[in-house]
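Predicted model only: the values in this text are computed from it and were never measured.
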Amino acid sequence: MSFAKHGQQVFDMPITIVPADIDDNDHVNNVVYLKWIFDIALEHWNVSASPEMKATYGWVATRHEIDYRREAVMGDGIVARTWIGAVDSRRFERLTEIVRTSDDHVLCRGRSMWTLLARDTGKITRIPPDMVELFAAYMHQG
């Protein structure tokens with residue numbers, strides 16, 4: 001699923017908070033946000049890439065930065081939104097927002113660096129032009 005944000009595509013995924021997500025402070029634990037950031041990146045890849053591309057390549061996260069802005073609690077409707085930032089020959093920068101749907105407040109913002117691996121060797125490899133083209137609609141500059 002995707003929608004336009006500032007004229008560019010954003011991939012979104014609804015999230016259901018489950019009891020295991022809640023910590024001793026009665027809100028979603030910070031570690032859960034990282035899981036959601038990972039989950040939406042994987043979902044975007046799985047929905048977008050061809051079976052051949054998925055068989056040939058995999059991704060590994062090499063960096064995560066997360067800014068926590070507001071808490072989420074049981075019963076909150078949540079959506080994760082992601083898009084692509086900077087791209088170089090071997091990495092995609094993936095930006096993510098976790099948003100509460102009832103008031104559209106951003107609960108957290110994440111920035112992750114994902115490096116492309118060749119599945120046959122397990123080594124870092126160059127991002128092919130067809131992959132850049134596949135995700136071009138989701139690439140936001142600035």
Side-chain angles (χ1 to χ4, degrees), residues 1-74 76-101 103-142:
M1 188 182 301
S2 65
F3 72 98
K5 180 177 182 175
H6 307 295
Q8 295 173 308
Q9 290 296 305
V10 175
F11 182 82
D12 68 338
M13 178 182 79
I15 294 172
T16 301
I17 298 172
V18 298
D21 296 335
I22 304 300
D23 63 17
D24 292 343
N25 296 315
D26 292 325
H27 56 73
V28 173
N29 187 280
N30 290 5
V31 174
V32 175
Y33 288 95
L34 178 59
K35 180 185 179 311
W36 291 342
I37 288 168
F38 177 84
D39 290 348
I40 192 171
L42 184 61
E43 182 70 10
H44 192 201
W45 169 248
N46 284 330
V47 165
S48 301
S50 68
E52 297 81 13
M53 200 174 273
K54 288 187 275 190
T56 304
Y57 302 107
W59 292 92
V60 62
T62 58
R63 181 177 181 83
H64 292 293
E65 297 173 15
I66 302 174
D67 294 317
Y68 300 99
R69 302 174 51 90
R70 296 178 184 257
E71 64 184 35
V73 297
M74 282 299 297
D76 280 346
I78 306 291
V79 65
R81 298 176 176 155
T82 192
W83 60 95
I84 308 299
V87 176
D88 67 26
S89 64
R90 291 180 170 82
R91 289 184 306 253
F92 273 15
E93 174 189 46
R94 182 173 286 279
L95 303 160
T96 304
E97 290 180 343
I98 308 296
V99 178
R100 185 172 39 234
T101 57
D103 56 14
D104 212 32
H105 280 142
V106 175
L107 304 177
C108 86
R109 287 193 171 106
R111 176 182 175 268
S112 301
M113 297 304 293
W114 292 86
T115 302
L116 189 65
L117 299 178
R119 289 200 185 276
D120 61 347
T121 65
K123 294 185 179 183
I124 295 171
T125 190
R126 289 188 162 290
I127 297 172
D130 61 334
M131 189 178 296
V132 173
E133 182 61 30
L134 177 68
F135 288 99
Y138 296 94
M139 292 179 185
H140 298 210
Q141 299 303 313

Review point. Taking all atoms of both residues into account, what is the closest heavy-atom pair of His64 and Ser112, and its distance?
Key: ND1-OG, 2.6 Å

Review point. Does atom CD of Glu65 have more than 12 heavy-atom neighbours from other groups under 6.0 Å away?
Key: yes

**Study point:** Over all atoms of both residues, closest heavy-atom pair of Val28 and Ile22
**Key:** N-CD1, 3.9 Å

**Study point:** Trp83 vs Glu97, side chain to side chain contact (heavy atoms under 4.5 Å, CB included): CA-CA, chis, key distance, verdict
**Key:** CA-CA 9 Å; Trp83 60 95; Glu97 290 180 343; 3.8 Å; yes

Exercise for review: With Phe92 as reference, evaluate Trp59, Trp114, Trp45 under the ring pair (Phe, Tyr, Trp, His ring centres under 6.0 Å) test and give the passing residue.
Suggested key: Trp59

Review point. Under the 3.5 angstrom rule, does the side chain of Asn25 hit a backbone N or O of His27 as a donor-acceptor pair?
Key: no

Point to revise | Of Asp12, Ile15, Ile98, the residue whose pairing with Val79 passes side chain to side chain contact (heavy atoms under 4.5 Å, CB included) | key: Asp12

Check your understanding: Which heavy-atom pair separates Pro128 from Leu116 by the least distance, and what is that distance?
Key -> CD-CD2, 3.8 Å

Review point. Would you call Val47 and Phe11 a side-chain contact if the rule is heavy atoms closer than 4.5 Å?
Key: yes

Check your understanding: Hey, what do you get for CD (Gln9) to NE2 (His140), rounding to the nearest 0.5 Å?
Key -> 7.5 Å

Review point. Where do Ile40 and Arg94 land on the side chain to side chain contact (heavy atoms under 4.5 Å, CB included) test, with the steps shown first?
Key: CA-CA 10 Å; Ile40 192 171; Arg94 182 173 286 279; 5.6 Å; no

Review point. What distance separates Met53 CE from Asn46 CG, expressed to the nearest 0.5 Å?
Key: 12.5 Å

Exercise for review: Quick one: pull up CE in Met113 and OG1 in Thr62 and give me the separation to the nearest 0.5 Å.
Suggested key: 6.0 Å

Check your understanding: Is it true that a side-chain atom of Tyr68 and a backbone atom of Asn30 form a donor plus acceptor pair closer than 3.5 Å?
Key -> yes

Check your understanding: Which heavy atom of Arg90 sits nearest a heavy atom of Thr125, and at what distance?
Key -> CG-O, 3.4 Å

Check your understanding: In Å, rounded to the nearest 0.5 Å, how long is the span from CE of Met131 to OG1 of Thr56?
Key -> 8.5 Å

Review point. With side chains defined as the heavy atoms from C-beta onward, is the minimum distance between Val132 and Met139 less than 4.5 Å?
Key: yes

Check your understanding: Considering residues, nucleotides and ligands other than Lys35, do more than 12 of their heavy atoms fall under 6.0 Å from its NZ?
Key -> no

Check your understanding: Just wondering, more than 12 heavy atoms not from Arg100 lying within 6.0 Å of its CZ?
Key -> yes

**Study point:** Euclidean distance, Asp26 CG relative to Met74 CE, rounded to 0.5 Å
**Key:** 11.0 Å

Check your understanding: With no hydrogens and no angle check, is any side-chain donor or acceptor of His44 less than 3.5 Å from a backbone partner on Arg81?
Key -> no

Practice item. Would you sort out whether Thr82 and Glu43 count as a side chain to side chain contact (heavy atoms under 4.5 Å, CB included), showing the intermediate values? Key: CA-CA 10 Å; Thr82 192; Glu43 182 70 10; over 6 Å; no

**Study point:** side chain to side chain contact (heavy atoms under 4.5 Å, CB included) between Met13 and Trp36, intermediate numbers included
**Key:** CA-CA 10 Å; Met13 178 182 79; Trp36 291 342; 5.8 Å; no

**Study point:** By ring-ring contact (aromatic ring centres under 6.0 Å, His included) - contacts of Tyr57 (at least two apart)
**Key:** none

Check your understanding: Ser89 and Arg126: which non-hydrogen atoms are nearest, and at how many Å?
Key -> CB-NH1, 2.8 Å

**Study point:** Nearest atoms (heavy-atom pairs only) where Ile78 meets Leu107
**Key:** CD1-CD1, 3.4 Å

Check your understanding: Within a reach of under 6.0 Å around CD1 of Ile124, are more than 12 heavy atoms found that belong to other residues, nucleotides or ligands?
Key -> no

Practice item. May I ask you to decide if Arg111's main-chain N or O and Arg63's side chain share a donor-acceptor pair within less than 3.5 Å? Key: no

Practice item. Quick one: pull up CG in Leu95 and CD1 in Ile37 and give me the separation to the nearest 0.5 Å. Key: 10.0 Å

